[in-house]
Amino acid sequence: MSRPTQSLVLVLTLLLVGLSVAIRVPPASPSAPVATSTAERFVPVARTTAACPDPLADAKSATQVALAAPGAIDDRSPQRQAGTGTATLGPLGRPDPVAARLSAVGSLVTPVPAGGGGPLVATAAQALAPGFTASMTTRSTADDLRGLSGTACVAPGTDFWFVGSGAVVGQRGRVYLTNTEPVPAVVDITLYGPTGPVEAPSGRGVTVAAGAQKVLKLDALAPDVSRFGIHVQVRQGRIAAAVRDQQVSGLTPRGADWVPVAAAPSRRLVLPGVAAGAGERRLHIVVPGDTDAIVRVRLMGPSGAFVPTGLDVVEARAGRVTELDLEPYAQAAPVALQLTSDHPVTGGLLYRVDGPNGTLSDFAYTAAAPALTTSAPGVVPLLRGSGAGPNLRSKLLLAAPGAAVKVLIDILPPATDTTRSVQVPAGSQVTVDAADLSTAADFAVSVRPAPGSGPVMASSEISETDPGGALVTASVVVPSRYAVRVPTVVGDLSTGLRPREGQ
């Protein structure tokens with residue numbers, strides 16, 4: 001057979017093979033999307049990591065780290081799935097020693113040994129990875145750190161917003177960049193102040209080595225700035241970012257706490273968790289970009305929502321941090337805030353709790369929070385139950401900015417209390433006393449709207465009655481990472497893979 005004839009036979013053979021495959025595999029419709037929600041399947045998270053930035057433990061400071069693993073939920077309803085797994089707590093960059101271990105669905109609280117030893121990393125694998133959450137709470141009597149300070153141990157990411165802290169006389173802030181990954185990270189920090197964007201050249205291109213932490217002082221990055229909006233962006237790798245604020249007046253401590261991660265700028269935001277009590281209430285609104293924003297501030301309390309006169313039209317300048325004094329409006333009531341803007345903004349709020357009879361005060365932060373939903377519940381690793389004694393109190397604050405919500409609070413082992421149901425009326429915030437949820441001294445919960453309910457925003461607060469003055473800290477409850485969705489694919493001649501139809 002001649003060479004041209006051989007080539008023609010080969011081409012015809014390949015065409016016949018391709019035609020037979022095309023007949024057996026129906027082509028995707030040109031008008032159909034490459035991937036649709038019906039072509040996705042639920043895959044539980046297999047591994048979760050969170051960094052606890054600075055667990056102080058010395059003669060004047062004691063830190064507890066709480067781990068909570070609620071277990072996987074299926075694709076349609078929050079039913080716990082059986083399986084084995086582990087969750088551990090250990091030093092950053094080293095596999096040993098293991099400070100704490102959790103081997104079944106539930107929670108534990110462990111003290112950090114004296115000396116601390118630097119940042120800690122909480123890691124969960126297999127069945128304990130979905131929903132796994134960790135937090136860190138420090139009680140200190142050490143000068144400018146005096147107070148109760150708590151923070152969620154943050155999962156590595158690439159984009160973080162913080163609203164709070166300052167770099168003036170009597171106030172000191174620090175940015176903690178923790179790299180739990182095996183490769184270096186490069187980070188850019190953008191700062192906003194009351195007069196506009198703040199030049200901070202030393203905050204650009206910050207390199208954080210693999211398995212290491214870098215701490216940046218805000219007064220070194222940008223001195224003489226009374227309030228900050230902080231945007232942490234990672235251009236290489238992933239990091240866990242955290243911000244701590246410390247305040248003094250002369251030699252008198254005025255509290256210390258962590259600034260929670262705020263939701264990314266949006267036109268609609270909810271800041272839950274401004275607890276009851278007398279003291280300052282200062283809302284800070286950050287407007288990134290170069291367009292001014294008109295913001296409407298709505299307060300939601302136990303009896304409903306209202307827009308105070310003067311807060312229905314607030315002009316927030318572009319590139320700045322706008323401060324509003326909410327104490328005359330909120331007074332001593334527990335409230336949540338809803339911000340509605342014509343341009344994306346984010347925000348945070350500092351509230352101060354004054355000690356009785358002129359004793360020392362303490363403060364806490366809340367921030368714009370993402371919504372908790374039935375398929376994306378939140379987890380609170382540490383609440384103080386009635387067994388903690390009369391001097392320790394803990395609360396959950398639940399805000400429903402839209403329709404009324406039925407919230408289910410699941411108590412995690414080893415606490416043996418049953419699931420509780422709480423009704424949150426439309427446009428209100430409800431306070432739940434943790435002592436009414438469990439008789440345990442320390443326990444963890446998951447928080448989720450009941451099926452058919454709308455979203456809810458939540459925060460938690462821990463306070464202590466102390467002869468020296470007030471002690472308080474708060475944390476925003478964010479949706480825990482339970483699952484990822486991946487498309488179901490089949491072979492396709494044109495692209496190699498495409499979603500399977502009809503799933």
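For the numbers below, each heavy atom of this structure counts, side chains included, while hydrogens, waters and symmetry mates do not. Residues: numbered from 1 along the sequence shown.
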Side chains of [X] and [Y]: closer than 4.5 Å at any heavy-atom pair?
{"X": "Phe162", "Y": "Val175", "value": "no"}
{"X": "His231", "Y": "Asp159", "value": "yes"}
{"X": "Glu323", "Y": "Pro194", "value": "no"}
{"X": "Ile462", "Y": "Thr473", "value": "yes"}
{"X": "Leu349", "Y": "His284", "value": "no"}
{"X": "Leu148", "Y": "Val472", "value": "no"}
{"X": "Leu397", "Y": "Pro272", "value": "no"}
{"X": "Val407", "Y": "Leu372", "value": "no"}

| request: Please step through side-chain contact (heavy atoms from CB on, under 4.5 Å) for the pair Arg393 and Asp433, ending with a clear verdict. | output: CA-CA 8 Å; Arg393 294 197 65 188; Asp433 193 332; 2.8 Å; yes
Under the 3.5 angstrom rule, does the side chain of [X] hit a backbone N or O of [Y] as a donor-acceptor pair?
{"X": "Arg352", "Y": "Arg254", "answer": "yes"}
{"X": "Arg481", "Y": "Ala155", "answer": "no"}
{"X": "Asp362", "Y": "Gly147", "answer": "no"}
{"X": "Thr346", "Y": "Ser266", "answer": "no"}
{"X": "Asp292", "Y": "Ala318", "answer": "yes"}
{"X": "Thr133", "Y": "Ala68", "answer": "no"}
{"X": "Thr48", "Y": "Ala129", "answer": "yes"}
{"X": "Thr374", "Y": "Pro449", "answer": "yes"}
{"X": "Gln429", "Y": "Val335", "answer": "yes"}

| Within 6.0 angstrom of Arg320 CZ, more than 12 heavy atoms from elsewhere |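 Yes.
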If I take atom [atom1] from residue [X] and atom [atom2] from residue [Y], how far apart are they, to the nearest 0.5 angstrom?
{"X": "Met136", "Y": "Thr63", "atom1": "CE", "atom2": "OG1", "answer": "6.0 Å"}
{"X": "Arg448", "Y": "Thr373", "atom1": "CZ", "atom2": "OG1", "answer": "11.5 Å"}
{"X": "Asp442", "Y": "Gln64", "atom1": "CG", "atom2": "CD", "answer": "6.0 Å"}
{"X": "Leu271", "Y": "Tyr351", "atom1": "CG", "atom2": "OH", "answer": "12.0 Å"}
{"X": "Ser341", "Y": "Ile294", "atom1": "OG", "atom2": "CD1", "answer": "8.0 Å"}
{"X": "Leu392", "Y": "Leu471", "atom1": "CG", "atom2": "CG", "answer": "9.5 Å"}

| request: Return the orientation label for the Phe363 and Tyr365 ring planes: parallel under 30°, perpendicular over 60°, tilted otherwise. | output: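 The arrangement is perpendicular - the two ring planes meet at more than 60°.
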| task | Verify side-chain contact (heavy atoms from CB on, under 4.5 Å) between Leu191 and Ile230, making sure each step is shown before the conclusion. | result | CA-CA 5 Å; Leu191 300 177; Ile230 304 168; 3.8 Å; yes
| said: So, using side-chain contact (heavy atoms from CB on, under 4.5 Å) as the criterion, who are the partners of Pro344 when residues are at least two apart? | reply: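 Expected list: Pro265, Arg267.
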| field | Matching residue for Gln246 among Arg146, Gln171, Arg174 - test: side-chain hydrogen bond (donor to acceptor under 3.5 Å, both in side chains) | value |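 So the option named by the test is Arg174.
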| field | Reference residue Ser460; test side-chain contact (heavy atoms from CB on, under 4.5 Å); the match among Val445, Val432, Leu383 | value |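 That would be Leu383.
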| Sole candidate of Thr418, Thr419, Val447 that passes side-chain contact (heavy atoms from CB on, under 4.5 Å) when paired with Asp410 |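 The single option meeting the side-chain contact (heavy atoms from CB on, under 4.5 Å) with Asp410 is Thr419.
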| message | Checking Asp354 against Ser361: is there a side-chain donor and acceptor pair closer than 3.5 Å? | response |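 Not at all, the side chains of Ser361 and Asp354 share no donor-acceptor pair under 3.5 Å.
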Of all heavy-atom pairs between [X] and [Y], which one has the smallest distance, and what is that distance?
{"X": "Ala399", "Y": "Val424", "result": "C-CG1, 4.4 Å"}
{"X": "Val321", "Y": "Gly229", "result": "CG2-N, 3.5 Å"}
{"X": "Leu145", "Y": "Ser140", "result": "O-CB, 3.4 Å"}
{"X": "Pro425", "Y": "Ala400", "result": "O-CB, 3.8 Å"}
{"X": "Ser135", "Y": "Leu382", "result": "OG-CB, 4.2 Å"}
{"X": "Thr190", "Y": "Gln233", "result": "OG1-OE1, 4.0 Å"}

| said: Test salt bridge (Lys or Arg N to Asp or Glu O under 4.0 Å) on Asp325 and Arg281; report intermediate values, then the result. | reply: CA-CA 6 Å; Asp325 182 5; Arg281 307 283 190 266; over 6 Å; no
Indicate every side-chain donor-acceptor pair of residues 295-306 with a distance under 3.5 Å to a residue at least two apart or in another chain.
| unit_1 | atom_1 | unit_2 | atom_2 | d |
| --- | --- | --- | --- | --- |
| Arg298 | NH1 | Gln338 | OE1 | 2.6 |
| Arg298 | NH1 | Pro401 | O | 3.3 |

| said: Using side-chain contact (heavy atoms from CB on, under 4.5 Å), reason through Leu177 and Phe160 one step at a time and then give a plain yes or no. | reply: CA-CA 11 Å; Leu177 305 175; Phe160 302 87; over 6 Å; no
| said: Working note: Leu218 + Ser165, criterion side-chain contact (heavy atoms from CB on, under 4.5 Å); need CA distance, chi angles, decisive distance, verdict. | reply: CA-CA 9 Å; Leu218 285 173; Ser165 193; 3.7 Å; yes
| task | Before accepting this row, confirm whether a basic side-chain N of the pair Asp257/Arg244 lies closer than 4.0 Å to the acidic partner's carboxylate O. | result |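 No.
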